[in-house]
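None of these values were measured; they are calculated from a predicted model.
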Amino acid sequence: MFLDIKDLEIRPLDFEEEFQAGVIDFADGTRQRTPLKSSGRAELVEEHHGKHQIVKDIRLRGQLSTRLELQCARCLEPVWQDVKREFELLYRPLGADAGRDELSVTDAEAEIGYYQGDGLLLEDVLREQVLLALPLKVTCREDCKGLCPQCGKNLNQEQCSCSREIDDPRWAALKDVRSRLEH
Ligand SMILES: [Zn+2]
Ligand SMILES: [Zn+2]
């Protein structure tokens, strides 16, 4: 859904949208499991810079919710994550701040972004907001044992018979160095 600055010049836009999985492309390993619902309002905010310049900002307020499937950072099993977020954002035209020392931000509370050309794609905004809401790493449970580094078995599900002492030729050189340091 394109938020066109020319439409917003006429009137604010109230939106209520639902995006099916696949419409918005999230990061690798992140899958959308329920429709992403978002509602809110977009409006134009005019900033007067001096006597002659008017900067047209887009203010966007709203909320979103969806459910995502992520991967456990340790065992790679799927982890479901509900995402709910409210946002209040201000988008300024790209380049409007060029050469200015001070931002005359109308609303200090709002996060600031930039738009290019005639407006802003709502999908891009939502994608960014979802990614900001996600934790950097998720684990399926606090004590997830992860995968065996040797055979790759999921140690939450089964024990493997690999020895914990790693006898990899790549480690042999290191061991050698260590024993020389110790003696
Ligand atoms: Zn796990
Ligand atoms: Zn193993």
Heavy-atom distance under 4.5 Å between the side chains of F2 and D118, does that happen here? yes

Would a 4.5 Å heavy-atom cut-off, applied to side chains only, mark L60 and F15 as touching? yes

Distance in Å, H48 NE2 paired with I54 CD1, rounded so as to fall on 0.5 Å steps: 4.5 Å

For a side chain to side chain contact (heavy atoms under 4.5 Å, CB included) with Y115, tell me which candidate from L3, L94, D57, L120 qualifies. L120

Are any of the side-chain heavy atoms of R31 and P78 separated by less than 4.5 Å? no

Should we count CD of E18 as having more than 12 external heavy atoms under 6.0 Å? yes

Look at the side chain of R59 and the backbone N and O of V45, then say whether any donor-acceptor pair between them is shorter than 3.5 Å. no

Should E17 and E123 count as side-chain neighbours, where that means a heavy-atom distance under 4.5 Å? no

So do F87 and L132 actually touch side chain to side chain, heavy atoms under 4.5 Å? no

Test L68 against every option in D82, V79, V130 by the side chain to side chain contact (heavy atoms under 4.5 Å, CB included) rule and name the one that passes. V130

Please step through side chain to side chain contact (heavy atoms under 4.5 Å, CB included) for the pair L13 and M1, ending with a clear verdict. CA-CA 11 Å; L13 173 79; M1 179 187 200; 3.7 Å; yes

Tell me whether Q116 at atom CD has more than 12 heavy atoms from other residues, nucleotides or ligands lying less than 6.0 Å away. no

Within the distance-only criterion (no hydrogens, no angle test), does the side chain of T139 pair as donor or acceptor with the backbone N or O of C72 below 3.5 angstrom? no

Measuring from atom NZ of K37 to atom CG of L64, what distance do you get when rounded to the nearest 0.5 angstrom? 12.5 Å

Please tell me whether L131 and L70 are part of a single hydrophobic cluster in this structure, the criterion being side-chain heavy atoms less than 4.5 Å apart. yes

Are R61 and E43 packed together at the side-chain level, in the sense that at least one heavy-atom pair is separated by less than 4.5 angstrom? yes

For N156 against R141, the heavy-atom pair lying closest together: OD1-NH2, 3.4 Å

State plainly whether one hydrophobic cluster holds both V55 and L90, where clusters connect Ile, Leu, Val, Met, Phe, Trp and Tyr through side-chain heavy atoms under 4.5 angstrom apart. no

Assigning hydrophobic clusters by single linkage (Ile, Leu, Val, Met, Phe, Trp, Tyr; side-chain heavy-atom cutoff under 4.5 Å), is W80 placed with I24? no

Transitively linked via ILVMFWY side-chain contacts under 4.5 Å: L8 with L121? no

Evaluate whether atom CD of E16 has more than 12 neighbouring non-hydrogen atoms of other residues, nucleotides or ligands under 6.0 angstrom away. no

Any side-chain heavy-atom pair from L122 and F19 closer than 4.5 angstrom? yes

Looking only at non-hydrogen atoms, find the nearest pair between C160 and L155 and report the distance. SG-CD2, 4.0 Å

Supply the atom-to-atom distance S65 OG to R67 CZ, rounded to the nearest 0.5 angstrom. 11.0 Å

For D25, is there any backbone N or O sitting under 3.5 Å from a side-chain donor or acceptor partner on R127? yes

Any idea which heavy atoms bring C144 and R74 closest together, and the distance? O-NH1, 3.0 Å

OG-CD distance between S161 and Q150, expressed to the nearest 0.5 angstrom: 9.5 Å

If hydrophobic clusters are built by linking Ile, Leu, Val, Met, Phe, Trp and Tyr wherever their side-chain heavy atoms come under 4.5 Å apart, do L36 and V83 end up in the same one? yes

Nearest heavy atoms of G119 and I58, plus distance in Å: CA-CD1, 4.2 Å

Just wondering, are more than 12 heavy atoms of other shown residues or ligands nearer than 6.0 Å to CD in Q63? yes

Output the distance between atom NZ (K145) and atom CD (Q157), rounded to the nearest 0.5 Å. 10.5 Å

Would one find more than 12 heavy atoms of other residues, nucleotides or ligands at under 6.0 Å from atom CZ of R85? yes

Which heavy atom of L44 sits nearest to which heavy atom of E9, and what is that distance? CD2-CG, 3.5 Å

Sidechain-backbone polar pair: T66 side chain, T34 backbone, donor-acceptor under 3.5 Å: yes

